[in-house]
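Take a look at the structure below.
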Amino acid sequence: MSNHHTYKKVEVVGSSRNSIEEAIGNALESCSKSIRNMEWFEVLETRGHVVDGKVAHYQVVMKVGFRIEGS
């Protein structure tokens, strides 16, 4: 095993009709299907869609950090 780690970050947008937390969870669950060694996330933007004066949809722009395999 190496004595250092190398990481990469990708930007994704998660969404949910229910909550910001669910939007984050949905994005991480989807990413986990194709990204190995995920270790953290950063929420960069939070926004939503308004219909009839109420929140209809949440979106979060986030970066997901993962360790490069073998580092």
Side-chain angles (χ1 to χ4, degrees):
M1 175 171 252
S2 174
N3 63 354
H4 73 281
H5 296 292
T6 303
Y7 299 91
K8 181 172 178 82
K9 294 193 289 187
V10 295
E11 189 170 287
V12 298
V13 179
S15 63
S16 167
R17 294 182 188 263
N18 299 312
S19 69
I20 292 166
E21 291 83 4
E22 186 173 275
I24 293 168
N26 289 343
L28 292 174
E29 183 178 342
S30 293
C31 286
S32 72
K33 294 174 184 173
S34 62
I35 298 174
R36 292 187 303 273
N37 305 317
M38 288 192 309
E39 295 200 5
W40 77 88
F41 69 91
E42 310 166 41
V43 175
L44 306 173
E45 297 176 35
T46 306
R47 61 179 168 249
H49 181 90
V50 178
V51 175
D52 297 326
K54 296 182 181 178
V55 177
H57 208 256
Y58 298 89
Q59 279 189 336
V60 291
V61 177
M62 49 195 281
K63 289 195 177 185
V64 177
F66 61 95
R67 184 176 35 81
I68 301 294
E69 202 162 284
S71 74

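All residue numbers refer to positions in the sequence shown, counting from 1. Given the structure is predicted, the values throughout are model-derived calculations rather than measurements.
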Non-neighbouring partners of T6 that pass side chain to side chain contact (heavy atoms under 4.5 Å, CB included), sequence neighbours left out: H4, I68, S71

Close side-chain approach of K9 and E42, heavy atoms under 4.5 Å: yes

Residues which pass side chain to side chain contact (heavy atoms under 4.5 Å, CB included) with V50, listed by chain and number, not counting sequence neighbours: none

Enumerate, atom names and distances included, each donor-acceptor pair closer than 3.5 Å involving a side-chain atom of residues 22-31, sequence neighbours excluded.
residue	atom	partner	partner atom	Å
E22	OE1	N18	ND2	3.4
E22	OE2	S16	OG	2.6
E22	OE2	N18	ND2	2.8
N26	ND2	S15	O	2.9
N26	ND2	E22	O	3.3
S30	OG	N26	O	3.2

Residues clustered with L44, ILVMFWY side-chain links under 4.5 angstrom: V13, V61

Any pair counted as side chain to side chain donor-acceptor pair (under 3.5 Å), so long as it reaches residues 52-66, sequence neighbours left out: R47-Q59

Note, V12 side chain near F41 side chain (heavy atom, < 4.5 Å): no

With sequence neighbours excluded, residues passing side chain to side chain contact (heavy atoms under 4.5 Å, CB included) with T46: I20, V43, V60

Reported NE2-to-CZ distance for the pair H49 and R17, which is rounded to 0.5 angstrom: 9.5 Å

same_hphob_cluster(V64, Y7) at 4.5 Å side-chain heavy-atom cutoff: no

